[in-house]
J.: 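Dumping the structure here so I can ask a few things about it.
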Amino acid sequence: MVENLSSDYDFNFSDWPFYWLAKADRAYLAKLEIALSKVGLDIPRWRVLMVLHSRSKASVSELADHSIVKLSTMTKIVQRMEADSLVSSAPSKRDGRVTEITITAKGDEAGQHAWKEANAIMQNAFDGFRKRDQQTLMNLLRKLSENLSA
């Protein structure tokens with residue numbers, strides 16, 4: 001028998017913001033997965049290429065953080081990407097214990113093709129949104145992420 005919960009427990013899943021975040025994320029990832037397969041990439045590789053496109057190089061731990069995967073998983077992703085000539089790795093000149101990853105010409109080309117696919121999804125997702133609303137959403141999500149990480 002289930003105990004009677006307090007009257008403070010007035011819950012409707014469709015009023016829960018994390019439900020909508022998860023639903024939007026799942027829909028986005030499903031579309032992105034299909035689009036990226038057309039250019040021979042998967043979501044983890046796409047994330048790595050986009051981070052490296054934005055920066056000249058990044059450590060494996062930075063890539064893991066920005067790609068939202070565990071460090072051990074990112075190490076395997078980078079190894080596969082290096083075998084496919086999408087990235088190259090070298091010890092950091094500042095700290096030899098750190099491995100820095102850079103994008104190759106082949107990786108940059110693959111990233112450009114992937115960006116076109118991902119950008120089309122983003123354009124469709126934000127159809128009818130004003131630029132100001134998109135920026136507000138991004139700022140709110142950034143703040144939400146910071147609050148949850150604290």
Side-chain angles (χ1 to χ4, degrees), residues 5-82 84-89 92 94-95 98-150:
L5 299 173
S6 82
S7 61
D8 292 339
Y9 183 69
D10 185 20
F11 181 79
N12 181 337
F13 76 90
S14 65
D15 292 334
W16 192 248
F18 296 105
Y19 167 77
W20 293 109
L21 283 172
K23 191 167 177 72
D25 184 55
R26 185 63 227 145
Y28 163 70
L29 292 175
K31 288 183 180 294
L32 185 62
E33 190 172 41
I34 292 166
L36 291 177
S37 70
K38 295 177 194 173
V39 296
L41 291 174
D42 56 20
I43 292 170
R45 290 174 189 226
W46 146 255
R47 288 177 176 165
V48 168
L49 292 176
M50 291 304 98
V51 170
L52 293 175
H53 178 75
S54 299
R55 301 172 167 206
S56 60
K57 59 182 130 191
S59 70
V60 176
S61 60
E62 289 171 324
L63 289 172
D65 184 48
H66 294 303
S67 299
I68 315 161
V69 298
K70 293 179 183 177
L71 181 59
S72 59
T73 301
M74 182 51 65
T75 299
K76 293 173 189 166
I77 293 166
V78 166
Q79 289 170 346
R80 289 193 312 264
M81 291 179 75
E82 194 167 22
D84 291 340
S85 301
L86 298 171
V87 299
S88 62
S89 66
S92 167
R94 284 185 289 140
D95 184 347
V98 174
T99 300
E100 292 182 327
I101 309 303
T102 55
I103 195 168
T104 64
K106 182 178 178 182
D108 191 51
E109 183 180 343
Q112 288 178 37
H113 292 298
W115 170 248
K116 288 178 186 172
E117 296 291 334
N119 192 46
I121 293 168
M122 187 180 79
Q123 295 300 321
N124 185 52
F126 284 97
D127 185 39
F129 282 67
R130 295 177 299 199
K131 288 287 181 191
R132 180 172 22 118
D133 293 337
Q134 289 180 42
Q135 191 60 48
T136 298
L137 177 61
M138 208 155 57
N139 291 339
L140 291 169
L141 290 171
R142 184 178 293 119
K143 178 65 176 163
L144 181 64
S145 180
E146 290 168 0
N147 288 351
L148 290 169
S149 297

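Every value quoted in this text rests on a predicted model; they were computed, and no experiment measured them.
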J.: Got a sec, which pairs hit ring-ring contact (aromatic ring centres under 6.0 Å, His included) with one end in residues 105-130, sequence neighbours left out?
T.: F126-F129
J.: Distance check, rounded to the nearest 0.5 Å: D133 atom CG versus M138 atom CE?
T.: 12.5 Å
J.: Is a donor on one side and an acceptor on the other found under 3.5 Å between the side chain of T104 and the backbone of S85?
T.: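 Looks like yes, one N/O pair under 3.5 Å.
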J.: Check E62 against A58 and note the closest heavy-atom contact, atom names and distance.
T.: OE1-CA, 3.3 Å
J.: If you measure from OG on S145 to CG on L140, what distance do you get to the nearest 0.5 Å?
T.: 12.5 Å
J.: Does R132 offer a backbone N or O that forms a donor-acceptor pair with the side chain of T136 under 3.5 Å?
T.: yes
J.: Any non-hydrogen side-chain atom of N139 less than 4.5 Å from a side-chain atom of K143?
T.: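 Counting from C-beta outward, N139 and K143 never come under 4.5 Å.
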J.: To the nearest 0.5 angstrom, please state how far the NE2 atom of H53 sits from the CE atom of M50.
T.: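 Answer rounded to 0.5 Å: 6.5 Å.
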J.: Identify the two heavy atoms, one from V87 and one from L52, that lie closest to each other, and give their separation to 0.1 Å.
T.: CG1-CD1, 3.6 Å
J.: Which residues pass the salt bridge (Lys or Arg N to Asp or Glu O under 4.0 Å) test with D127, not counting sequence neighbours?
T.: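 Per chain and number, D127 pairs via salt bridge (Lys or Arg N to Asp or Glu O under 4.0 Å) with no residue.
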J.: Test side chain to side chain contact (heavy atoms under 4.5 Å, CB included) on M74 and V78 and set out the steps.
T.: CA-CA 6 Å; M74 182 51 65; V78 166; 3.8 Å; yes
J.: To the closest 0.5 Å, what do you measure between CG (L141) and CD (E146)?
T.: 11.0 Å
J.: Would you name the heavy atoms of A110 and L86 that are closest together and state the gap between them?
T.: CB-CD2, 4.1 Å
J.: Show me the side-chain donor-acceptor pairs of residues 64-71 shorter than 3.5 Å, one per line, residues at least two apart or across chains.
T.:
{"residue": "H66", "atom": "NE2", "partner": "R55", "partner atom": "NH2", "Å": "3.3"}
{"residue": "S67", "atom": "OG", "partner": "L63", "partner atom": "O", "Å": "2.8"}

J.: Using every non-hydrogen atom in the two residues, find where L49 and G111 come nearest and quote the distance to one decimal.
T.: CD1-N, 3.9 Å
J.: Enumerate the side chain to side chain donor-acceptor pair (under 3.5 Å) contacts for residues 26-41, please, sequence neighbours excluded, ordered by first and then second residue.
T.: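 Every pair satisfying side chain to side chain donor-acceptor pair (under 3.5 Å) with a residue in residues 26-41: there are none.
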J.: Is a side-chain donor-acceptor pair under 3.5 Å present for T102 with S88?
T.: yes
J.: Using salt bridge (Lys or Arg N to Asp or Glu O under 4.0 Å) as the criterion, list what pairs up with D108, not counting sequence neighbours.
T.: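 If we apply the salt bridge (Lys or Arg N to Asp or Glu O under 4.0 Å) test to D108, skipping adjacent residues, there are no hits.
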J.: Roughly how far, to the nearest 0.5 Å, is the CD1 atom of I77 from the OG atom of S72?
T.: 9.5 Å
J.: Output every pair passing side chain to side chain donor-acceptor pair (under 3.5 Å) with a member in residues 39-51, not counting sequence neighbours, ordered by first then second residue.
T.: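 Non-adjacent pairs meeting side chain to side chain donor-acceptor pair (under 3.5 Å): R45-D84.
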